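Since we're looking at a predicted model, the values are computed, not measured.
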Amino acid sequence: GNVGINPYMVTTLVDADKSTKEVIEFGAKLFGGYDFDVVKFDAYANATFKTDIEDGFSIGDIGLKVSTPLVLNGLALVLGYDPADADADFITGIFELGLPAGINAQAGLGYRVAKDDSKAYEGKELGFFLGANMKLNIPQKPILYTQLVWGMDPYKGFGDGQDFINYDG
């Protein structure tokens, strides 16, 4: 098995009301895993502490992956928790099945849990996706993805838009 920690520190100068203030963020990604030959477990958690707010400690995203090589070219279940949104926590579950020719089929569900009685995602709590990916056998080994997505964006950060599309016209 393995266990580790990736610590970091970020210093930012904030100019507020004509006075410069230094904000320091300490963070760490904790990770670990164990391989039992027939099943493998991997987990991680991110935590931060910021000096500019009273209760500066927070747990960030958390993930768990359980996989086995015994089904076709591999079967994995990935569970994730992301509290980054101000209005809701996002819980995700993804199944990935390894198929012949290096293709991986994926299916996932996402669920938003409202924070502090927020109504921001009311009626839009559930999302899902179906898709596949394949590592191309050319220089640099790029990965080709295709996804059918409804109500969630598993690649948030690239387009930053799926949650903000108005489906009602």
Side-chain angles (χ1 to χ4, degrees), residues 2 4 6 8 10 25 27-35 38-48 50 57-169:
N2 65 6
N6 288 335
Y8 69 88
V10 177
E25 177 181 334
K29 180 176 184 176
L30 310 167
F31 60 91
Y34 197 81
D35 190 346
V38 295
V39 66
K40 181 178 180 182
F41 295 90
D42 292 294
Y44 77 92
N46 286 309
T48 59
K50 294 182 181 180
F57 178 76
S58 66
I59 298 292
D61 52 319
I62 299 170
L64 172 67
K65 180 178 182 180
V66 181
S67 58
T68 181
L70 301 179
V71 179
L72 290 175
N73 291 341
L75 176 66
L77 170 62
V78 180
L79 300 173
Y81 168 76
D82 184 357
D85 190 289
D87 295 310
D89 293 337
F90 198 53
I91 300 168
T92 309
I94 301 170
F95 282 101
E96 184 171 89
L97 177 63
L99 301 171
I103 297 172
N104 294 306
Q106 297 176 321
L109 280 173
Y111 188 75
R112 292 179 184 88
V113 179
K115 291 181 181 175
D116 301 321
D117 298 323
S118 172
K119 304 289 185 204
Y121 294 107
E122 189 170 349
K124 298 182 273 182
E125 294 89 355
L126 188 65
F128 74 89
F129 78 94
L130 297 171
N133 64 62
M134 182 175 101
K135 189 181 291 185
L136 301 177
N137 196 15
I138 59 176
Q140 303 301 315
K141 305 282 190 233
I143 299 174
L144 177 65
Y145 289 91
T146 183
Q147 300 285 339
L148 168 66
V149 179
W150 179 80
M152 64 183 282
D153 185 353
Y155 303 105
K156 193 79 170 158
F158 174 76
D160 280 343
Q162 200 67 28
D163 293 334
F164 303 106
I165 293 175
N166 184 352
Y167 294 106
D168 297 328

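Nearest heavy atoms, Gly93 versus Leu79: CA-CD2, 4.0 Å. The minimum heavy-atom distance linking Val38 with Pro69 is given by the pair O-CD, 3.8 Å. Of all the heavy atoms in Ile59 and Ala47, the pair that sits closest is CD1-CB, 4.2 Å. Shown here for Pro83 and Lys115, the closest heavy-atom pair between the two residues is O-NZ, 2.6 Å. When all heavy atoms of Ala101 and Met134 are compared, the pair lying nearest together is O-SD, 3.9 Å. Contact detail for Leu64 and Ala43: the closest heavy-atom pair is CD1-CB, 4.1 Å.
Not a single donor-acceptor pair under 3.5 Å links the side chain of Glu122 to the backbone N or O of Ala120. Put simply, the side chain of Asp35 never gets that close to the backbone of Lys40: no donor and acceptor are under 3.5 Å apart. Distance alone, capped at 3.5 Å, places no donor-acceptor pair between the Thr92 side chain and the Gly110 backbone.
Taking the side chain as every heavy atom from C-beta outward, Glu96 and Val78 never approach each other to under 4.5 Å. With contacts defined as side-chain heavy-atom distances shorter than 4.5 Å, the pair Leu97/Val71 qualifies. Contact check for Phe90 versus Asp61: no side-chain heavy atoms found under the 4.5 Å cut-off. In this structure, the side chains of Asn6 and Tyr8 stay at 4.5 Å or more apart for every pair of heavy atoms. A heavy-atom distance below 4.5 Å is not found between the side chains of Lys65 and Tyr44. The shortest distance between side-chain heavy atoms of Lys135 and Ile143 falls below 4.5 Å. Tyr81 has its side chain within reach of Asp89: a pair of non-hydrogen atoms, C-beta onward, lies under 4.5 Å apart.
Annotation for Asp116: atom CG does not count as buried by contact number, only 12 or fewer foreign heavy atoms lying within 6.0 Å.
Annotation: the span from Phe128 atom CZ to Leu109 atom CG amounts to 8.5 Å, rounded to 0.5 Å. For the atom pair Arg112 CZ and Glu125 CD, the distance stands at 8.5 Å (nearest 0.5 Å). Atoms CG and CG, on Asp42 and Asn2 in that order, are 7.0 Å from each other to the nearest 0.5 Å. Of the inter-residue distances, the one linking Thr146 atom OG1 with Gln106 atom CD reads 10.5 Å to the nearest 0.5 angstrom. For the atom pair Asn104 CG and Leu75 CG, the distance stands at 11.0 Å (nearest 0.5 Å).
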